[in-house]
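A quick write-up on the structure given underneath.
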2 protein chains.
Amino acid sequence: MGSFKGQADYSVDKKGRIAIPAKMRLALRPEAVGTFTMTRGFEPCIYLYPLDEWLRKESQYASLNQYDRRVRHLVRTILMWADEVTLDAQGRIGLSKPLMDYATITARALIIGAMDRIEIWDPDAFQKYLKDQPDDHEALAESVMGS
Amino acid sequence: MGSFKGQADYSVDKKGRIAIPAKMRLALRPEAVGTFTMTRGFEPCIYLYPLDEWLRKESQYASLNQYDRRVRHLVRTILMWADEVTLDAQGRIGLSKPLMDYATITARALIIGAMDRIEIWDPDAFQKYLKDQPDDHEALAESVMGS
DNA sequence: GGAATATTCCCCACTTTTCCCCACTTTGTA
DNA sequence: TACAAAGTGGGGAAAAGTGGGGAATATTCC
């Protein structure tokens with residue numbers, strides 16, 4: 001099965017809906033067709049996981065010890081942003097208010113395929129993110145990937 | 001049988017009632033439809049467990065050694081706050097006075113889905129809680145979840 | 001013990017949001 | 001160039017959230 005890749009600049013309508021690029025829809029596994037869980041990204045963007053991928057993550061959280069204060073905090077601050085959504089007949093999803101707010105998304109959004117997830121960015125926020133990163137694509141690749 | 005997730009800022013009316021978000025109601029297992037047990041959270045909030053989940057917890061407490069002073073104290077301080085509630089025809093529950101007091105809940109409340117339970121927070125208390133936590137979300141996630 | 005008062009619960013009514021469906025425009029392709 | 005698929009927008013029915021009246025039940029006080 002394919003992983004998500006590519007980018008697209010799509011509109012977010014007044015109802016908070018955004019289309020998922022057809023190419024990314026096609027990369028979905030049969031188990032996950034039409035259902036995603038969106039949640040807060042580590043960066044100021046929205047992460048979108050296909051159902052099966054998300055269930056894998058959730059079962060990891062479930063296995064943690066809930067009597068550990070740090071675990072409760074982690075689970076709380078991750079799950080509170082999570083929202084399960086389904087594609088409508090036009091291949092769109094509705095973004096939740098809290099996440100649109102967090103990612104400062106308004107009329108348009110950048111959709112980026114990132115391996116096992118899809119990321120949704122406000123175009124300006126993404127530019128700012130790029131500017132704040134050390135502009136050394138090659139060195140980063142070398143340090144992360146080894147030689 | 002999904003787990004609870006998401007957040008909502010709902011009103012608490014003069015009668016102490018608060019609606020449970022439809023999405024969370026839908027995440028209930030058939031055995032637990034409509035019945036919850038609310039109790040005091042470890043944090044300054046109210047924990048809300050679906051019936052089946054609560055019964056599981058109760059049997060855990062029952063299996064502890066009651067001749068251990070600490071066990072008796074734990075069980076006592078958890079159960080004294082517990083209260084079984086049922087959804088009314090509009091999908092709401094009534095919060096108990098002692099718990100509203102404990103969680104300093106007044107006119108509005110933040111409802112957070114946290115895996116096997118629902119948490120009810122006073123909005124201000126939640127902000128304060130967040131501020132008091134070490135803001136190392138990313139590092140924590142990495143250490144707890146591995147990479 | 002009984003009346004006055006308070007509380008709980010059930011029901012109805014209103015407002016807002018969500019979701020389903022239809023329609024149009026644009027893009028890509030045969 | 002025609003056709004199909006992809007992307008965009010909006011109307012309207014249905015559901016969700018909110019507030020309050022009033023009967024039934026419990027509590028308090030004389």
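Chain letters run A, B, ... following the sequence lines, proteins first and then strands; every chain starts at 1.
- Using a 4.0 Å cut-off, no side-chain N or O of A:Lys15 falls inside it from OP1 or OP2 of D:dG10.
- The CD1 atom of B:Ile111 sits 14.0 Å away from the CH2 atom of B:Trp121 when rounded to the nearest 0.5 Å.
- If you check residues 90-112 of chain B against DNA chain D, the residues with a heavy atom closer than 4.0 Å are B:Gln90, B:Arg92, B:Arg108, listed by number.
- B:Thr39 places a side-chain N or O within 3.5 Å of a backbone atom of B:Ile78 that can act as its donor or acceptor partner.
- Of the possible polar contacts, one joining the B:Arg25 side chain to the B:Ile20 backbone as a donor-acceptor pair under 3.5 Å is found.
- Here D:dA16 is the nucleotide among D:dT8, C:dC20, D:dA16 with the atom lying nearest to any side-chain atom of B:Ala22.
- Across all strands shown, B:Ile18 has no heavy atoms under 4.0 Å from either base or sugar-phosphate atoms.
- Counting only distance, with no hydrogens or angles, the side chain of B:Arg117 and the backbone of B:Tyr49 share no donor-acceptor pair below 3.5 Å.
- A donor-acceptor pair under 3.5 Å is formed between the side chain of B:Tyr102 and the backbone N or O of B:Gly41.
- As rounded to whole Å, 18 Å separates atom P of C:dC12 from atom CG of B:Asp13.
- Counting to the nearest Å, the P atom of C:dC19 and the CG atom of A:Leu87 are 13 Å from each other.
- Between A:Lys14 and D:dG9 there is no side-chain polar atom (N or O) within less than 4.0 angstrom of OP1 or OP2.
- When the nearest nucleotides of DNA chain C are assigned to A:Arg17 and B:Asp88 by heavy-atom distance, the more 5′-ward of the two goes with B:Asp88.
- Shown here for B:Ile46 and B:Met38, the closest heavy-atom pair between the two residues is CG2-CB, 3.9 Å.
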